[in-house]
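One structure below.
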Amino acid sequence: MADAALDALYQEVILDHNRRPRNFHAIEGATCTAEGKNPNCGDQLTVWLLLEGDKVADISFQGVGCAISKASASLMTQAVKGKTRAEVSELFEKVRRVLTGEETAPAKLKELGQLRALSGVSKFPMRVKCASLAWHAMKSAMDGAA
Amino acid sequence: MSDKRAPAHGSAKASAHALAPRSDFPLLAADPRLVYLDSAATSQKPQRVLDAITAYYTHGNANPHRGAYALSATATQMYHDARARIARFLGVADVDTLLFTRGTTESLNLLATAWGQSNVRAGDNIVVTRLEHHANFVPWQQLARAKGAEFRIVELDAAGAVDLALFAKAVDARTKVVAFGHVSNALGTVNPVAELVRIARAAGKALVVCDGAQAVPHLRVGIDALGVDAYAFSGHKMGGPMGLGGVVVRREILEAMPPYQFGGDMIEWVNDQDTTWNVLPHKYEAGTPNVEGAVGLAAACDYLDTLGMDRVRAHEVALTAEAMRALAAIPGVTLHGTARAEDRSGVVSFSVADVHPHDVATALDSEGVCVRAGHHCAQPLMRGLGVQSTVRASFWVYSTTEDVARLAAAVGAVRERFAVA
């Protein structure tokens, strides 16, 4: 049982994004940026956002982290690109509910597309912080850019 | 997938028998599959300690030093007996120079506050090493900042031990505090305390402070013989309950130093405008004491003396050597710290190539193997090693070679899971 949970945590999508993180670079002339730090392990990452009007024209990240935090950041950049601020806020809340295990309905998970690979995290309360690190950094960057 | 969880019985030798039987530890006895390799963070507790705490609350509980009734006298006696027992275990003759605190962290803060605030001035310097736990680093760093003193960090040699030549260079006549750990929590390095004391004394008149949190559970530590001015430790890493540790300080320093906290028990006489202080150790123990903690820790000392600290040490060196050998044989595993197991105290810190320590720890946990992953409250050391964090396995009296074999098997499986395609 423990192994099944572990397989769900480290599913292929997660391992792939850990090995080859997408949008893993800085953005020249970014509208806003924010750093996320996990004091438990010393991990840190930076998120860059390029906003055009109400839309996320581009988003990227860089940093040091575990497979969960890196894959979550990588998946986040893909999911957020092109969305409006309101859509991003809505997505943030959906992901938060999935990570903490508040949302487990298969239909709801399916709506998340690739991001549903993060649902395995909910069985590992010690790792929720890792998975949400980039999301909180992204949100504080966006909130900082009024 | 039970095959993955099968321990490598084949490599277990006769010494697989722990020094202490698992049945002595209720938490371990309740979960036979659990491989607990985080004893440097906190030890599991022997039944004997739990029994002593229950006996105190069943037969002796009252507020010591206060009531004019027999039960309070019993509580007072139990508290005093516990202090004497713990002092004997630590090799301390002057029992009243053993102050109880919440643990090593509070002990070091006590020194940095009570001694540091009244003795360190602008232009002085404070010397620590790159190996320190944050508890023996940040209080001194902040003291130095507040006083305008220089904060000097002694770097390590190539083997990961304190560089004695650099240490000798760092200490001078303006050094007010020299603070170093007896044993590194992150790497297990056993420091040459006698040599460090000799160098510090030759250079000047600094207060010599030793953080013994990772030494007392594993080595026979005779504090009086070490020649330091202050020695801090925690009870919960040596079988005692959480929330009680202490610091042993030379009597003349304690008599001259101002109190750390004010309140009940620590006063002699309170006038409207001033107050005089109680005798040692009470001057430094304001408020209702942690009798439960002291009684429990005294029982832990009994337990460790029954096992014999020399045997504890030999057992841990053997396990450390075995773990270093088994882990080094796994492709992609890098060991951190000194190469010889004899120079360590039951700690093996390592990294797995391309796999973050947190992912290693989560994967090991699913195999029932508990290890610590992170910076081990030693971020300056991690910077020195050039890593963000490491995985740490640490042993104590109940650890076995079978535990080591399960650790190595689980680490091997981690490599497979995260293999770069």
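Computed from a predicted model, the values in this text were never measured in an experiment. Here is how names work: the chains are called A, B, and so on, in the same order as the sequence lines, proteins then strands, and each is numbered from 1.
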Audit row: A/Y10, B/T362, side chain to side chain contact (heavy atoms under 4.5 Å, CB included) steps and yes/no: CA-CA 10 Å; A/Y10 293 116; B/T362 294; 3.7 Å; yes
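- Atom-to-atom distance recorded for B/R417:CZ and A/D3:CG is 6.5 Å, nearest 0.5 angstrom.
- Remark: the B/H356 side chain and the A/D43 side chain contain an N/O donor-acceptor pair separated by less than 3.5 Å.
- Both the backbone and the side chain of B/Q388 come within less than 4.5 Å of a heavy atom of chain A.
- Separation of atoms CG (B/D354) and CG (A/N18) is listed at 9.0 Å; rounding is to 0.5 Å.
- Residues B/E367 and A/L6 form no side-chain contact, since every pair of their non-hydrogen atoms from C-beta on lies 4.5 Å or further apart.
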Donor-acceptor pairs under 3.5 angstrom involving side-chain atoms of residues 69-77 of chain A: please list them, not counting sequence neighbours.
{"from": "A/S69", "atom 1": "OG", "to": "A/C66", "atom 2": "N", "distance (Å)": "3.2"}
{"from": "A/S69", "atom 1": "OG", "to": "A/C66", "atom 2": "O", "distance (Å)": "3.3"}
{"from": "A/S72", "atom 1": "OG", "to": "A/A131", "atom 2": "O", "distance (Å)": "2.7"}
{"from": "A/S72", "atom 1": "OG", "to": "A/W135", "atom 2": "NE1", "distance (Å)": "3.0"}
{"from": "A/S74", "atom 1": "OG", "to": "A/H17", "atom 2": "ND1", "distance (Å)": "2.6"}
{"from": "A/S74", "atom 1": "OG", "to": "A/R22", "atom 2": "N", "distance (Å)": "2.8"}
{"from": "A/T77", "atom 1": "OG1", "to": "A/N23", "atom 2": "ND2", "distance (Å)": "2.8"}
{"from": "A/T77", "atom 1": "OG1", "to": "A/S74", "atom 2": "O", "distance (Å)": "2.6"}

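- Surrounding NZ of A/K55 are at most 12 heavy atoms belonging to other residues, nucleotides or ligands under 6.0 Å away.
- Among all heavy-atom pairs drawn from B/H358 and A/R127, the shortest one is O-NH1, 3.1 Å.
- Residue A/L15 touches chain B through its side chain alone, counting heavy-atom pairs closer than 4.5 Å.
- The environment of A/E28 atom CD is sparse: at most 12 non-hydrogen atoms of other residues, nucleotides or ligands sit within 6.0 angstrom.
- Not a single ring pair (Phe, Tyr, Trp, His ring centres under 6.0 Å) links B/F350 to another residue, sequence neighbours left out.
- Other residues, nucleotides and ligands contribute at most 12 non-hydrogen atoms within 6.0 Å of the CZ atom of B/R102.
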